[in-house]
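First the structure, in the form of structure tokens, and then the observations on it.
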Amino acid sequence: MNEKYYLEINDLKKYFPARQNFFGRSRSWLKAVDGVSFRLTRGETMGLVGESGCGKSTLGRLIINLLTPTGGEVLFEKQNIFQFTGEQKKEMRRKMQIIFQDPYGSLNPRMNIGEIIAEPLHIHNLARGNGVHRRVRELLDHVGLNPQHADRYPHEFSGGQRQRIGIARALAVEPELIICDEPVSALDVSIQSQVLNLLKDLQQELGLTYLFIAHGLNVVKHVSTTVGVMYLGKLVEITGGDELYRNPLHPYTKALLSAIPIPDPRLKRERVLLSGDVQSPIDPPPGCRFCARCPAAVEICSREEPILLEYSKGHHVACHLIGGDAR
Amino acid sequence: MQTETNKPRQETVTEDLGIEPVSPKREIWRRLKKDKVAVAGGCILIIVVLLSVLAPFLTSYDPNAVNTAARLQPPGSPGHLLGTDHLGRDMLTRLLYGGRISVAIGFAAVAIAMFFGILIGLLTGYYKGLLDALSMRFIDILMAFPYVLLAIAIIAALGPGLLNAMIAISIVGIPYYARIVRGTVLSLREQEYIEAQKALGSSDLRILFKHILPNALSPIIVAATLDVGWMIIAASGMSFLGLGAQPPMAEWGVMLSGGKDFLRVAPHISLLPGMAIFIVVLSFNLLGDGLRDALDPRLKQ
């Protein structure tokens, strides 16, 4: 396809077995990610938002090959990462890294942080002897931690500091693409901006590409050049960052946007309140998945599944009600 | 949130207050030291081990030297602090030498059971799938047998003897460890730091032994400490039944068995080794309980 695309996700699917019969065969499937496609250019930040359970974390783990997909492909520099084996796979691990949501669960409690950050160096044989120590101090300094604390244990640090440790560990292999899986949603608001700024600085310095997963649009707004909105395993809208905030098309995106708090009590605005709960992703019915909660749903919505179409340049949306003549 | 990137990064750096890093090990040791009962158990065990190791220097008798002239002497007799048995052998000497065997068998049997149990537990818990299903069903079957019966059956196949008895009780102990380790590994493998390790390209071997095993160690250590006591009882039991250590070897189970015909005239022959087993096993249990509380303070309530 196009030369400039760095990462291409094509019709990626991941189904988890939901109920199994006696022999371990599955009769119904939880469709966590169901046919997602998008592309990333080098150096950009794509924000991925959606509510809990919409499959965004699963998508992140598929892209970095922590999960095996049910179908579809991830092309990283034109190569399908799911076909990599052995050395190739190890090489890929150096180029893609992930930062996790839970700053408490993502660090081994039995290792001091120097050892934790040295792990990638040992795995890929990037430094030896004294060099390991030097590199660890360098990385700690890089993420704004005191290099003299390398012999401390994770439980001695605060949430924000632990997140920095996780970032240092990911940076140790000098990756090009980093999947940020809700890296700030477990942190205090004051710490959130510090970590976001750190990620931004690092991107400028090292030319990183980010896939930034979050559950609200407000965090993503500050970091992303492109934003994708997910609902129940599907991308419903994807566009350049500003365009999404200026001209949201999908009813779900509108609801998400109206949920961002504005720090002004006098300002009145129209809120789009969604009724009902998220549908179960287990064996979803035909039609648009948002249909049951959509304020604008019409008859066709429960019958036919809308596909992601380009509405204006770079602005894709999956909704029967948008751009009538295009369909 | 728009900041000039004037390196505001150092803002969360904590001051170096000169506090020593608190390693998890140091913290556990601190908690264990507070538990008086566990410390007492540990001290008794250290004394028992020292007495057994130093046995040749503490007594001038040969544990197997028969002296028919001085049979069935009660404790406190001149020259025989704890008396003699039905063949005139010095009880204190035999107890000390017997401690060597009992304690050594206890530790060795636990080590063997632990080694294979950990290996099975790590592999089945980490890889799951068919291997896991099959080995866990097999372990269910093993665990359905009463422990002692299973041990006797294995000895029956191998033939009686101290070494075979040890092998038998180790095999009986394996499922116990495999279960504990598997359960812990099943929960650990879903932790984000294990995912992070996979994302870094770590080999399974490295993940298993450097990241999962150290975190699964607490329950294993507790189980092993409690289990040494059980293994000592089991080994002595086998010897008592004539399936383990054979007379005239100085072993606590053999001594118990040898004294049973003289319970009326000289109860000390059976009583003393029985008490020795009791004290050692009790100490292991006390220490094990203390370790459990120290390793996981949440379990205390």
Side-chain angles (χ1 to χ4, degrees), chain A residues 24 61 64-66 89-94 96-102 104-112 116 119-120 122-124 141-146 148-149 151-158 160-161 164 166 169-170 172-173 179 181 191-194 196-198 200-201 204 222, chain B residues 1-28 128-130 132-134 184 187-218 221 295-296:
Chain A
R61 280 165 170 74
I64 197 169
N65 203 356
L66 279 175
K89 201 167 176 174
K90 207 168 172 184
E91 198 53 37
M92 180 205 77
R93 296 281 183 215
R94 279 199 62 188
M96 293 184 183
Q97 273 305 310
I98 181 164
I99 300 168
F100 293 96
Q101 172 181 12
D102 179 11
Y104 292 86
S106 58
L107 305 174
N108 185 342
R110 302 264 162 198
M111 286 184 156
N112 68 38
I116 289 172
E119 274 293 291
H122 293 305
I123 292 166
H124 293 281
D141 188 52
H142 210 146
V143 297
L145 290 170
N146 189 337
Q148 282 168 351
H149 291 170
D151 55 353
R152 302 206 165 184
Y153 288 83
H155 68 94
E156 296 174 81
F157 293 88
S158 69
Q161 288 171 326
R164 287 168 191 259
R169 173 177 58 192
V173 295
I179 315 266
D181 185 11
I191 310 293
Q192 284 190 357
S193 57
Q194 289 177 12
L196 287 178
N197 285 333
L198 172 66
K200 267 178 147 180
D201 290 353
Q204 273 176 7
H222 295 279
Chain B
M1 276 192 225
Q2 268 141 359
T3 44
E4 298 309 311
T5 45
N6 248 338
K7 296 277 164 193
R9 283 186 193 165
Q10 293 283 340
E11 58 208 342
T12 59
V13 167
T14 47
E15 294 308 310
D16 208 330
L17 300 169
I19 309 166
E20 279 291 294
V22 191
S23 81
K25 274 183 208 131
R26 187 188 293 229
E27 180 60 26
I28 291 161
K128 300 205 277 189
L130 192 65
D132 178 41
L134 288 179
T184 320
S187 76
L188 286 175
R189 73 193 290 280
E190 308 297 338
Q191 295 281 320
E192 279 189 344
Y193 61 84
I194 300 302
E195 271 195 300
Q197 208 60 30
K198 282 185 196 161
L200 287 167
S202 180
S203 63
D204 285 354
L205 225 58
R206 190 182 186 93
I207 293 178
L208 277 172
F209 290 99
K210 213 170 164 192
H211 295 268
I212 290 184
L213 186 56
N215 281 290
L217 227 45
S218 312
I221 292 172
L295 286 167
D296 195 351

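Letters A, B, ... are given to chains in the order of the sequence lines, protein chains preceding strands, and every chain is numbered from 1.
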What part of [X] gets within 4.5 angstrom of chain B, counting heavy atoms only: side chain, backbone, both, or neither?
X	answer
A:Met92	neither
A:Ile64	side chain
A:Arg94	neither

- prompt: Below 4.0 angstrom, N of the basic side chain to O of the carboxylate: do A:Arg110 and B:Glu27 qualify?
  reply: no
Nearest heavy atoms of [X] and [Y], plus distance in Å:
X	Y	answer
B:Leu200	A:His124	O-NE2, 2.6 Å
A:Pro109	B:Tyr193	CD-CE2, 3.6 Å
A:Asn108	B:His211	ND2-ND1, 3.1 Å
B:Ala196	A:Arg169	CB-NH2, 3.3 Å

field: Most contacts with chain B, counted as non-hydrogen pairs under 4.5 angstrom, among A:Gln101, A:Arg61, A:His122
entry: A:Arg61
query: When only pairs under 4.5 Å are counted, which of A:Asp102, A:Ile116, A:Ile98 shares the most heavy-atom pairs with chain B?
result: A:Asp102
message: Is any side-chain heavy atom of B:Gln197 closer than 4.5 Å to one of A:Ile123?
response: yes
query: So, does B:Glu195 use its side chain to make a donor-acceptor pair with the main chain of A:Leu66 at under 3.5 Å?
result: no
- request: Measure the spacing between CD of B:Gln191 and CZ of A:Phe100 and express it to the nearest 0.5 Å.
  value: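 That separation rounds to 11.0 Å.
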- line: Rounded to the nearest 0.5 Å, the NZ atom of B:Lys198 sits from the CZ atom of A:Arg93 at a distance of 9.5 Å
- prompt: Is it the side chain or the backbone of B:Lys210 that comes within 4.5 Å of chain A heavy atoms, both, or neither?
  reply: both
